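See below for the structure under consideration.
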Amino acid sequence: MGRDTIADIITSIRNADMDRKRVVRIAATNITENIVKILLREGFIENVRKHQESNKYFLVLTLRHRRNRKKSYRNIFNLKRISRPGLRIYSNYRRIPRILGGMGVVILSTSRGIMTDREARLERIGGEILCYIW
């Protein structure tokens, strides 16, 4: 069995966010780069840079944190993996779920690449639901 790279990056980001780390390093693949571009565009992360170490590429993400230290720490965003290698979840464009009434983001893998739920509804295409972000 192969590794689930999408679940790996989601877990890495979630763990770093809960541990209040500002920087996360994940393996760079085409899928992870597209997902990170969506996270950057939607404002969930601050910065992304590509780093090379002995013929392997890594993405170094700078997470966005709240700086209010008086109250208890709250996670900035939540990530949930939906479709997985053992159970693929597909949806047409009419049945793509809305997370928090449209405040959250659904990331889909479509025939035209990885995109958000809003883009998929505009282009009227469905696909595999990869993850929810809110």
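Quick caveat: nothing in here was measured; it's all calculated off a predicted structure. All values below were derived from every heavy atom in this structure, side-chain atoms included, with hydrogens, water molecules and symmetry-related copies excluded.
No side-chain donor-acceptor contact under 3.5 Å links R25 to the backbone of L61. Side chain of S12 to backbone of V24: no donor-acceptor contact under 3.5 angstrom is found. Judged by distance alone, with hydrogens and angles left aside, the side-chain atoms of R81 form a donor-acceptor pair with the main-chain N or O of S83 at under 3.5 Å. Between the R88 side chain and the E128 main chain, no donor and acceptor come within less than 3.5 Å of each other. A donor-acceptor pair under 3.5 Å is absent between the side-chain atoms of R95 and the main chain of G126, judged by distance alone.
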Task: Residues I26, D8; criterion side chain to side chain contact (heavy atoms under 4.5 Å, CB included); working and verdict - done: CA-CA 8 Å; I26 59 173; D8 288 344; over 6 Å; no
Open item on the list: Working note: T116 + E42, criterion side chain to side chain contact (heavy atoms under 4.5 Å, CB included); need CA distance, chi angles, decisive distance, verdict.
Closed with: CA-CA 9 Å; T116 64; E42 294 291 326; 3.9 Å; yes
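The cluster map of Ile, Leu, Val, Met, Phe, Trp and Tyr, joined by side-chain heavy atoms under 4.5 Å apart, puts I31 and L40 in the same cluster. There is no path of hydrophobic side-chain contacts, each under 4.5 Å, that joins V48 to V23. Residues I10 and F58 do not share a hydrophobic cluster, clusters being chains of Ile/Leu/Val/Met/Phe/Trp/Tyr side chains in contact below 4.5 Å. Cluster membership check: V106 does not share its hydrophobic cluster with Y90, using side-chain heavy-atom separations under 4.5 Å among Ile, Leu, Val, Met, Phe, Trp and Tyr.
Nearest heavy-atom pair across I45 and L63 is CG2-CD2, 3.7 Å. When all heavy atoms of L108 and G127 are compared, the pair lying nearest together is CD2-O, 4.0 Å. Contact detail for P85 and D4: the closest heavy-atom pair is CD-OD2, 3.4 Å. What you find for A120 and I96 is that their closest heavy atoms are CB-CD1, 3.9 Å.
Contact of the I114 side chain with the I107 side chain is registered, since non-hydrogen atoms from C-beta on lie closer than 4.5 Å. Side chains of Y93 and E123 form no contact here, defined as non-hydrogen atoms less than 4.5 Å apart. Side-chain contact between N15 and K21: absent, with no pair of heavy atoms (C-beta onward) separated by less than 4.5 Å. In this structure, F44 and I13 have side chains that are not in contact, with every pair of non-hydrogen atoms separated by 4.5 Å or more.
For the atom pair L79 CG and D17 CG, the distance stands at 8.0 Å (nearest 0.5 Å). Remark: S109 OG to N34 CG distance equals 9.0 Å, nearest 0.5 Å. Of the inter-residue distances, the one linking H51 atom NE2 with L59 atom CG reads 11.0 Å to the nearest 0.5 angstrom. Here M18 contributes atom CE and N78 contributes atom CG; the two are 9.5 Å apart, rounded to the nearest 0.5 Å. In this structure, CD1 in I82 is found 11.5 Å from OG in S91, a value given to the nearest 0.5 Å. Atom-to-atom distance recorded for C131:SG and I38:CD1 is 8.0 Å, nearest 0.5 angstrom.
Grouping Ile, Leu, Val, Met, Phe, Trp and Tyr by side-chain contacts under 4.5 Å, direct or through others, puts I125 with M115.
The number of heavy-atom neighbours closer than 6.0 Å to CZ of R118, taken from other residues, nucleotides and ligands shown, is above 12.
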